[in-house]
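All chains are named by letter (A, B, ...) in the order of the sequence lines, taking the proteins before the strands, and each is independently numbered beginning at 1. All values below come from the heavy atoms of this structure, side chains included, with hydrogens, waters and symmetry mates left out.
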Amino acid sequence: MAESGVTDGLCNTDDIERSKTEGKELTKEEKQRLRKEKKQQKKNKEKNDEKTSHEGEKKKNKKKKEEQPAGSASQPPAQPSPKAVPAPAPPPPAAAAVPVPASEAPAPADKPAKSKADLKAERASKGKKGDVGQPAPTGKLKAPPSELQPVVKRLPEHVQVDNPEVVKKLAKKLERQQIPLRSDYGYKVSLFSHLHQYSRKAPLTQQLGIPSTVIHPAIVRLGLQYSQGIVAGSNARSVALLHAFQQVIRDYTTPPNEELSRDLVNKLKPYISFLNQCRPLSASMGNAIKYIKKEISNIPSQCKEEEAKIKLLNCIERYINEKIVLAAKAIAKYSIEKISDGDVILVYGCSSLVNHILCEAFEKKRKFRVIVVDSRPRLEGREALRRLVQKGISCTYVLISAVSYILPEVSKVFLGAHALLANGYVMSRVGTSQIALVAKAFNVPVLVCCETYKFCERVQTDSFVSNELDDPDDLIVTRKGKTQLEHWQKVPSLGLLNLVYDVTPPDFVDLVITDLGMIPCTSVPVVLRVKNVDQ
Amino acid sequence: MRRRHNHPDVVPNHFHRQHTHTQTPSCPVSPLISSRFYTTTMPAPDKEIDLTERIEAFLSDLKRGGSGTGPLRGSAEMARETTALLRRIAAQARWSNAGDLMEIIRTEGRRMTAAQPSETTVGNMIRRVLKIIREEYARSRGSSEETDQQESLHKLLTSGGLSEENFRQHFAALKANVIEAINELLTELEGTTDNIKMQALEHIHSNEVIMTIGRSRTVEAFLKDAARKRKFHVIVAECAPFCQGHKMATSLSEAGIETTVITDAAIFAVMSRVNKVIIGTQTVLANGGLRAVNGTHTLALAAKHHSTPLIVCAPMFKLSPQVRSLCLPARGEILSKLITLFISNIGGHAPSYIYRLMSELYHPEDHEL
């Protein structure tokens, strides 16, 4: 039956070969079908023992027949979003994580709605259990594209560390991509056993050979910069990522018998896995990667390599310019309206956007002073302080424990964001929610500044389910000559928790300033919808 | 012959106990060193010099253990030392009637509080001793104890009784009674932590997650006592920049309690999983508010937001009468509406009851030393 599957696949590939030789361009639908068939062939070879020949074959035939009318039905409604595109497409817009290959084992019961491709693949492999009737996928495929369509949401790997199956699968995937697996470090607090915790002293690059044949050196350097914290901050990481990808594209040559649009995407996958191992991807990076993959796969096949590369480089350049640089200018323009003379502005940590706004306001001759709030162990506020003082802005510096002491003299709070979630929660550096809480208690307005490319479709209500754990050794400090926590590993009941992010509920935030204007926190899903329709 | 330099404005750089030249800090000269001893060439009695030296040593200790680097010792120790010193003053100083003694103690007390205004326990102990003197005097005079302690509204309004006394009557047994009463106070002080920690099992059940901040010896004893019988989890906020929370965490984990250290920034982030917040404090104010370590206000607000009970473990000697008007909360003060319960050595109280306890500990005239 494996062979029947293969022959079936071959029949279709014959068709496709024919159309290729005839000089016709493969339609998108055919490309997708081809990719899916390749994957199914692989799956069939893996799951030989489970299938019965006839049923497996029958189901595949039926599916293929359905695909044709369904494919053409789904084509004209301008694809509601990459959601409807089956497996090979980039990861679901929700997950800011590595694209998990479609050939996943039947998911455990706690996974959210599966994609249609997943369901089909499952049915193919289970063969006998054809209880989910054929009409069901047809119904789904023909459903009109609307907001109520089931969203493809696969739980990203980096929040399932406590599930041994997922860990094993990841290990296998990394082995296939020839990327070393990074191991967790130290005792993890039980509330966070589902997250990774790495040590900064053991960067992934140490396990790579030199020269690295699998991973482009620019990516290796970038991974090291991420894991050591040299490049930190949402915007900085995204820009660094895009520049590294530009370098990759410049050095890329299409191998013979391959198409740039497909091969380049496949080349990027191990890089993304590697970067994810170095440090979990941020929401902004996830959006940027999605954009690049879309642009790459939209390159027409008759485009020459040089042309395609220049086009891609320009796309990336434009993305950086529009979404980051110009967005910052627009946000600064809106924010300056909100800053009046005599203001005392409180900022937390180092947000490149907020620093930019304050510097612009200062240049526009607004009179204000700034209070910079900082927190251990990162002490990023010192960098913000440096930048502001260099411009000549008068600043005060406090630690976060003193925030309820100085808040009575503050008139506004400006916060940066790492991502804005679809339920209106603001994901930002840990401590932001605390500042918003205390500001609310003192009736001080809280303004969050965030570019639209950081908006993400995930929803989250607390800081536990999806977060990042930093190196616990960062908490160790020497005071009065004594280092209390030096031997924390030896004490079995002691754990150190170094959280990176937290979520702020929307009722603490008064206004969100984006490049599209000033919106309340709860309007984030509206912006997301508008953006998706645009694209 | 020893000479003393009466330079009230000189601030010493450092002070050695065996130093023969005592330089007083910027406080008035001790009344013990009154001029009548030094106009003659007679050497001053050793006992009094010894006493004065001890007082000066205590004062310089106070000045050195400033709040810049955190208290050199815990409040309980400070309270015990203050009370012991006051007992010594009562025993060794020259006084003939209660009024004299109260005057001496009041003056010394003013110097002590001036040396370190942030150490409120010193002032509290002085007020306690003053109340003891008043009570012993009243008892010696023969007025019944019950009416004195009633402090009814009627009595306050008609404001008769002791407030018009000038305490000039001499009683032979007064000295012994006062010293005995101060001894009782010392015993009470020694037992405060034990009394508080005995209540631990009433408040902590199994599998709880308890949050605390910084380092409080009272809370440490409280949690360790509960850990003997129950298994629970403690989250300690480290309380930068001095990070006293680290010492607290190591101490708790060595007692076998599951402990996690978090940064101050993560307090609100983890608060949703916390069942109770138990903290210590530096001072309990008369309106039921607190003056505690930096970061406690944020902790209290976060607990309020999640409706998590906030329990304060504070012995009675931390109760301090407020010496300013209470129209607006002072900076750094935690309002009583954020606090759920006070656990002290005499049991548990609601914050609204604290003013009543204060009237039992201190006499209203002593609120201003």
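By the 4.5 Å heavy-atom criterion applied to side chains, W488(A) and S253(B) are not counted as neighbours. Side-chain atoms of D264(B) and L399(A), non-hydrogen and from C-beta on, never get closer than 4.5 Å to each other. For the pair V270(B)/L191(A), no side-chain contact is recorded, criterion being any heavy-atom separation below 4.5 Å from C-beta on. Side chains of E254(B) and L494(A) form no contact here, defined as non-hydrogen atoms less than 4.5 Å apart.
Side-chain atoms of Q484(A) never come within 3.5 Å of backbone atoms of T250(B) as a donor-acceptor pair (strictly under, hydrogens ignored).
Listed by sequence position, L437(A), V438(A), A441(A), F442(A) are the residues of residues 437-446 of chain A in contact with chain B, using a 4.5 angstrom heavy-atom cutoff. Contacts between residues 344-351 of chain A and chain B, defined by a heavy-atom separation under 4.5 Å, are made by Y348(A).
In this structure, the portions of S401(A) lying under 4.5 Å from any heavy atom of chain B include both its backbone and its side chain. Using a 4.5 Å cut-off between heavy atoms, V373(A) makes no contact with chain B at all. Both the backbone and the side chain of V430(A) come within contact range of chain B, judged by heavy atoms closer than 4.5 Å. Using a 4.5 Å cut-off between heavy atoms, R479(A) contacts chain B through its side chain alone, with no backbone atom that close. When heavy atoms are compared at a cutoff of 4.5 Å, V293(B) does not approach chain A at all. Contacts of H305(B) with chain A are made by side-chain atoms alone, with heavy-atom separations under 4.5 Å and no backbone atom involved. Only the backbone of I257(B) comes within contact range of chain A, with at least one heavy atom under 4.5 Å from a heavy atom of that chain. The part of S272(B) that comes within reach of chain A is its side chain, from C-beta onward, which places non-hydrogen atoms under 4.5 angstrom from that chain.
Once rounded to the nearest 0.5 Å, the distance linking CE of M271(B) with OG of S433(A) reads 11.0 Å. Atom CG of L252(B) is separated from atom OG of S493(A) by 9.5 Å, given to the nearest 0.5 angstrom.
With a 6.0 Å radius and a threshold of 12 heavy atoms from other residues, nucleotides or ligands, Y355(B) has its OH atom at or below the threshold.
In this structure, T263(B) and P377(A) approach most closely via the heavy-atom pair CG2-CD, 3.8 Å. Smallest separation of non-hydrogen atoms from A240(B) and R376(A): CB-CD, 4.0 Å. Across every non-hydrogen atom of L475(A) and V261(B), the tightest pair is CD1-O, 3.8 Å.
Note: F508(A) leads Y187(A), F508(A), Y501(A) in heavy-atom pairs under 4.5 Å with chain B. Highest contact tally toward chain B, considering only L485(A), D502(A), I400(A), L499(A), is held by L485(A) [criterion: heavy-atom pairs under 4.5 Å]. With chain A as partner, the option from C239(B), A237(B), P241(B) having the largest number of non-hydrogen pairs under 4.5 angstrom is P241(B).
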| Residue pair F268(B), I435(A): steps toward the side-chain contact (heavy atoms from CB on, under 4.5 Å) verdict | CA-CA 9 Å; F268(B) 185 71; I435(A) 298 214; over 6 Å; no
| task | Decide yes or no on side-chain contact (heavy atoms from CB on, under 4.5 Å) for V403(A) and T298(B), but give the supporting numbers first. | result | CA-CA 8 Å; V403(A) 87; T298(B) 310; 4.2 Å; yes
